[in-house]
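Input: a single structure, listed below in structure tokens.
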Amino acid sequence: MIEKTIVEWHKLVEARDAAGLDAILADNVVFHSPVVHTPQEGKAITSLYLTAALRTLNNEHFRYEREILDGNNAVLEFTTNLEGIHINGIDMIHCDDQGRIDDFKVMVRPLKAVNKIHQMMAAMLEKLK
């Protein structure tokens with residue numbers, strides 16, 4: 001089930017365009033940020049965070065290095081570079097039985113990458129609001 005959803009996700013990432021998020025996110029989606037303790041619940045807030053991520057992390061250095069797909073679950077490992085800081089992370093994605101993403105968790109390393117993402121995402125979220 002997750003394969004078609006991940007194909008659509010990759011299209012969004014490649015195009016650097018968040019316009020298709022509404023079609024692939026479930027209304028009850030939960031987003032887990034690497035820098036915000038509380039899970040963010042709902043399509044609107046998840047779309048906001050993913051849009052900010054697409055505009056912040058998804059630069060000319062962004063690459064998905066590998067992916068694991070199993071049933072309704074996907075783990076996508078990525079790398080990128082922000083202002084000279086190498087970032088390594090994973091997107092853990094779950095979709096419901098209709099193929100819509102209902103859980104999206106991002107984990108990032110190392111600590112200075114987390115700090116840089118926190119700084120840059122906060123600025124981008126302010127611009128988007």
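Computation of the quantities below employed the complete heavy-atom set of this structure, encompassing side-chain atoms and omitting hydrogens, waters and symmetry-equivalent molecules.
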How about His94: does its NE2 atom have over 12 heavy atoms from other parts shown lying under 6.0 Å from it? yes
Could you see if Ile93 belongs to whatever hydrophobic cluster contains Val36? Use Ile, Leu, Val, Met, Phe, Trp, Tyr and a side-chain cutoff under 4.5 Å. yes
About how many Å separate CG of Asn58 and CZ of Arg63, when rounded to the nearest 0.5 Å? 9.5 Å
Output field: ring centroids His10/Tyr64 closer than 6.0 Å: yes
Distance-only donor-acceptor check, side chains Asn59 and Thr80, under 3.5 Å: yes
Around atom CZ of Arg100, are there more than 12 heavy atoms of other residues, nucleotides or ligands at under 6.0 Å? yes
Once you round to the nearest 0.5 Å, how far does OG of Ser47 lie from CG of Leu21? 5.0 Å
For residues Thr5 and Gly99, report the shortest heavy-atom separation together with the two atoms involved. OG1-O, 2.6 Å
Indicate whether any N or O donor in one side chain lies under 3.5 Å from an N or O acceptor in the other, for Asn81 and His86. no
Between Arg16 and Glu60, the two heavy atoms sitting closest are NH2-N, 3.2 Å
If I take atom CD1 from residue Ile24 and atom SG from residue Cys95, how far apart are they, to the nearest 0.5 angstrom? 10.0 Å
Is the shortest heavy-atom distance from the side chain of Phe78 to the side chain of Val13 under 4.5 Å? no
For Ala74 versus Ile6, what's the shortest heavy-atom pair and its separation? CB-CD1, 3.7 Å
Less than 4.5 Å apart, any side-chain heavy atom of Asp97 and any of Asn72? yes
Identify the two heavy atoms, one from Val75 and one from Met92, that lie closest to each other, and give their separation to 0.1 Å. CG2-CG, 4.3 Å
Evaluate the side-chain contact (heavy atoms from CB on, under 4.5 Å) criterion for residues Asn28 and Asp102: first the C-alpha distance (whole Å), next the side-chain angles of each, then the deciding distance (0.1 Å), finally the verdict. CA-CA 6 Å; Asn28 64 340; Asp102 61 6; 4.1 Å; yes
Salt bridge present between Glu14 and Lys11 (N-O < 4.0 angstrom): no
If you compare all heavy atoms of Val114 against all heavy atoms of Val108, which two are closest, and at what distance to 0.1 Å? CG2-O, 3.5 Å
Asp22/Lys43 salt bridge by N-O under 4.0 Å criterion: yes
Pro34 side chain near Met107 side chain, heavy-atom distance below 4.5 Å: no
Nearest 0.5 Å, please: how far is CH2 in Trp9 from CD1 in Ile2? 11.5 Å
Check whether the side chains of Glu77 and Asn88 place a donor and an acceptor atom closer than 3.5 Å, and report yes or no. yes
Is there a path of hydrophobic side-chain contacts, each under 4.5 Å between heavy atoms of I, L, V, M, F, W or Y residues, that connects Leu57 with Met120? yes
Would you indicate whether the side-chain heavy atoms of Phe31 and Leu50 approach each other to under 4.5 Å? yes
So, the side chain of Gln40 versus the backbone of Thr38: is there a donor-acceptor pair under 3.5 Å, distance only? yes
Going only through I, L, V, M, F, W and Y residues with side-chain contacts under 4.5 Å, is there a path from Leu54 to Tyr49? yes
Quick one: pull up OG1 in Thr79 and NE2 in His61 and give me the separation to the nearest 0.5 Å. 10.5 Å
Would you say the side chain of Leu48 lies within less than 4.5 Å of the side chain of Thr51, judging by non-hydrogen atoms? no
Is Ile90 reachable from Val106 through a run of hydrophobic residues whose side-chain heavy atoms are each under 4.5 Å from the next? no
Count I, L, V, M, F, W, Y as connected when their side-chain heavy atoms are under 4.5 Å apart, and connections chain through other members. Are Ile68 and Met1 then in the same cluster? no
What's the separation between atom CD1 in Ile117 and atom OG1 in Thr56, rounded to the nearest 0.5 Å? 9.0 Å
